[in-house]
Asker: 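Structure provided below as structure tokens; questions to follow.
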There are 2 protein chains.
Amino acid sequence: MKSVATNNQTQLATASADPTLDRDAMQFHEALSELIRIYQFRDRKRICCHDISVTQCYALDALVRRGALTLNELATELYLDKSTASRVLDALERKDYLVRETDPEDRRAIQVALTPQGRELHARIEADLLEEHKRLLADLDPEVRQAISNLIGRLAREASERFSRVDGSCCKAQ
Amino acid sequence: MKSVATNNQTQLATASADPTLDRDAMQFHEALSELIRIYQFRDRKRICCHDISVTQCYALDALVRRGALTLNELATELYLDKSTASRVLDALERKDYLVRETDPEDRRAIQVALTPQGRELHARIEADLLEEHKRLLADLDPEVRQAISNLIGRLAREASERFSRVDGSCCKAQ
DNA sequence: TTATAATGTTGGTAGTAACAATGAAATCGG
DNA sequence: CCGATTTCATTGTTACTACCAACATTATAA
């Protein structure tokens with residue numbers, strides 16, 4: 001179906017229905033790949049500022065967005081193993097960014113809650129990112145900004161649906 | 001909403017010049033964060049299909065885009081330490097996706113070149129991604145597709161400039 | 001009550017990535 | 001030309017991440 005060394009097949013697949021789709025998709029693919037690539041590398045060196053890692057940052061963010069969570073909920077939210085999530089919490093708890101509290105309704109479970117320091121760190125990181133994004137948007141027209149946000153939001157939603165549907169566990173790698 | 005309860009200064013900074021920028025930037029920030037987040041998690045489990053990791057995939061991609069490279073060039077391209085890049089090559093060479101060849105002009109250096117298998121794997125991965133992106137774009141108008149690609153390309157370029165300029169080595173983490 | 005399931009923790013293992021040190025080859029200065 | 005320095009790639013070491021499996025504790029079902 002998709003041995004692409006040649007591009008005849010993909011053309012055949014959709015050319016009749018939508019002649020520009022292939023070219024548009026190619027352009028989109030190149031642009032998005034580059035964007036993802038840049039942000040991914042940036043993540044390693046910049047998002048995780050102040051003294052936390054990328055995963056820890058996502059954990060903080062999840063706790064701000066969703067409020068106090070149990071470890072299982074957090075692990076699900078972050079697509080992590082619960083043991084990994086537990087260790088992520090260890091690190092954040094050591095730095096006083098959150099606390100584990102036993103759930104009064106289910107004494108097996110814990111409620112993970114941010115401390116003021118954790119909330120403050122998250123706010124600082126968010127503010128930094130927002131500032132960056134503001135600079136990126138500054139010289140665009142307001143209606144273009146709106147269009148971008150809408151489109152990116154839509155992309156995110158569609159991507160999310162697609163990825164959650166498929167879920168083949170690839171990448172054991174080595 | 002969100003974390004930004006704290007910062008009046010960002011409002012002061014630009015409110016007079018551009019009244020919608022703050023709100024637009026906020027929306028953009030949320031949309032983009034979500035997109036990045038989704039792609040980042042997907043990376044871990046899906047891009048790296050077939051039998052290679054994310055980093056290995058980027059290495060393949062760099063070799064396709066830039067042709068044969070020395071290890072140093074590749075490490076720079078991937079923002080990796082030389083030693084890490086060398087081990088990435090180990091893995092890919094073991095799977096016969098590339099070969100190391102001594103550079104005839106500098107016998108300290110190696111030229112890393114893809115094998116036919118490596119090229120074919122890259123083509124297959126690209127084709128998969130392209131197919132996904134095609135599906136994402138399929139129900140958008142052609143002019144909207146163009147606008148998206150242009151905007152994303154621009155975002156990538158601006159982000160790239162910004163990130164390469166700053167380069168504070170954060171994230172020692174733990 | 002006992003059996004089963006769920007929650008979170010810990011141990012073990014593998015992979016990733018950085019820093020440091022090394023060997024080998026090229027380059028520079030005298 | 002020769003020694004010192006620099007550059008290129010690799011190996012050793014260390015730290016972190018993430019997965020699986022096993023476990024103690026608690027909840028729920030039979």
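Since this is a predicted model, take the numbers as computed values, not measurements. Residue numbers begin at 1 in each chain, while the letters A, B, ... track the order of the sequences. Only this structure's heavy atoms are used, side chains among them; waters, hydrogens and symmetry mates stay out.
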Asker: Taking the six-membered ring for Trp, are A:His133 and B:Phe28 parallel (under 30°), tilted (30 to 60°) or perpendicular (over 60°)?
Answerer: perpendicular

Asker: When you get a sec, tell me which of C:dT16, C:dT10, C:dA18 is the closest nucleotide to the side chain of A:Ser86?
Answerer: C:dT10

Asker: Compare the minimum distances between each of C:dT16, C:dG11, D:dT17 and the side chain of B:Thr55, then state the nucleotide with the smallest one.
Answerer: C:dT16

Asker: Determine whether a donor-acceptor pair (N or O, by modelled atom type, separation under 3.5 Å) exists between the side chain of A:Asp103 and the backbone of A:Glu105.
Answerer: yes

Asker: Roughly, in whole Å, what's the span from CZ in B:Arg100 to C1' in D:dT10?
Answerer: 8 Å

Asker: B:Thr102 vs B:Arg107, test: side chain to side chain contact (heavy atoms under 4.5 Å, CB included). Steps then yes/no.
Answerer: CA-CA 6 Å; B:Thr102 58; B:Arg107 296 196 12 242; 5.8 Å; no

Asker: When you measure from the side-chain N and O atoms of A:Asn72 to the phosphate of C:dG8, is any distance below 4.0 Å, counting only OP1 and OP2?
Answerer: yes

Asker: Take B:Leu60 and B:Ile52, measure what side chain to side chain contact (heavy atoms under 4.5 Å, CB included) needs, and give me the verdict at the end.
Answerer: CA-CA 10 Å; B:Leu60 246 54; B:Ile52 60 171; 4.0 Å; yes

Asker: Who passes salt bridge (charged side-chain N to carboxylate O under 4.0 Å, His left out) against A:Glu77, sequence neighbours left out?
Answerer: A:Arg65, A:Arg66, B:Arg37

Asker: Please figure out whether A:Lys82 or B:Leu89 has its closest DNA chain D nucleotide nearer the 5' end.
Answerer: B:Leu89

Asker: Counting N and O atoms only, with roles assigned by atom type, does the side chain of A:Glu93 sit under 3.5 Å from a partner on the main chain of A:Arg100, one being a donor and the other an acceptor?
Answerer: yes

Asker: Below 3.5 Å, does any donor atom in the side chain of B:Thr70 face an acceptor in the base of D:dC8, or the other way round?
Answerer: no

Asker: Let me know the distance between CG of A:Leu71 and P of C:dT10, rounded to the nearest Å.
Answerer: 11 Å

Asker: Distance only, no hydrogens: is a donor on one side chain within 3.5 Å (strictly under) of an acceptor on the other, for B:Glu132 and A:His29?
Answerer: no

Asker: Keeping A:Thr115 on the side-chain end and A:Asp96 on the backbone end, is there a donor-acceptor pair under 3.5 Å?
Answerer: yes

Asker: Got a sec? Which of residues 102-111 of chain B come in under 4.0 Å of DNA chain D, heavy atoms?
Answerer: B:Arg108, B:Ala109, B:Ile110

Asker: Please confirm whether the shortest side-chain N or O distance from A:Ser83 to OP1 or OP2 of C:dT9 is below 4.0 Å.
Answerer: no

Asker: What residue among A:Ile148, A:Leu32, A:Leu151 forms side-chain contact (heavy atoms from CB on, under 4.5 Å) with B:Ile152?
Answerer: A:Leu32

Asker: Bend across the helix from C:dT1-D:dA30 to C:dG30-D:dC1, to 10°, with axes taken over 5 pairs at each end?
Answerer: 10°

Asker: Rounded to the Å, how far apart are A:Arg87 CZ and C:dT9 C1'?
Answerer: 8 Å

Asker: Nearest whole angstrom, please: distance from the C1' of D:dA9 to the CD of B:Glu101.
Answerer: 16 Å

Asker: Return the value, rounded to whole Å, for the distance between atom CG of A:Asp81 and atom C1' of D:dA22.
Answerer: 13 Å

Asker: Hey, does the side chain of A:Thr84 come within less than 4.0 Å of D:dT17's phosphate (OP1/OP2), counting only N and O?
Answerer: no

Asker: Using whole Å, what does the distance between atom P of nucleotide C:dG15 and atom CD1 of B:Ile52 come to?
Answerer: 16 Å

Asker: Mind calculating the distance between CG (A:Leu80) and C1' (C:dG8) to the nearest angstrom?
Answerer: 15 Å

Asker: Tell me: NZ of A:Lys95 to C1' of D:dC16, nearest whole Å?
Answerer: 11 Å

Asker: When you measure from the side-chain N and O atoms of B:Ser53 to the phosphate of C:dT16, is any distance below 4.0 Å, counting only OP1 and OP2?
Answerer: yes

Asker: Using modelled atom types and a 3.5 Å cut-off, is there a donor and acceptor pairing between side-chain atoms of B:Glu131 and backbone atoms of B:Asp128?
Answerer: no

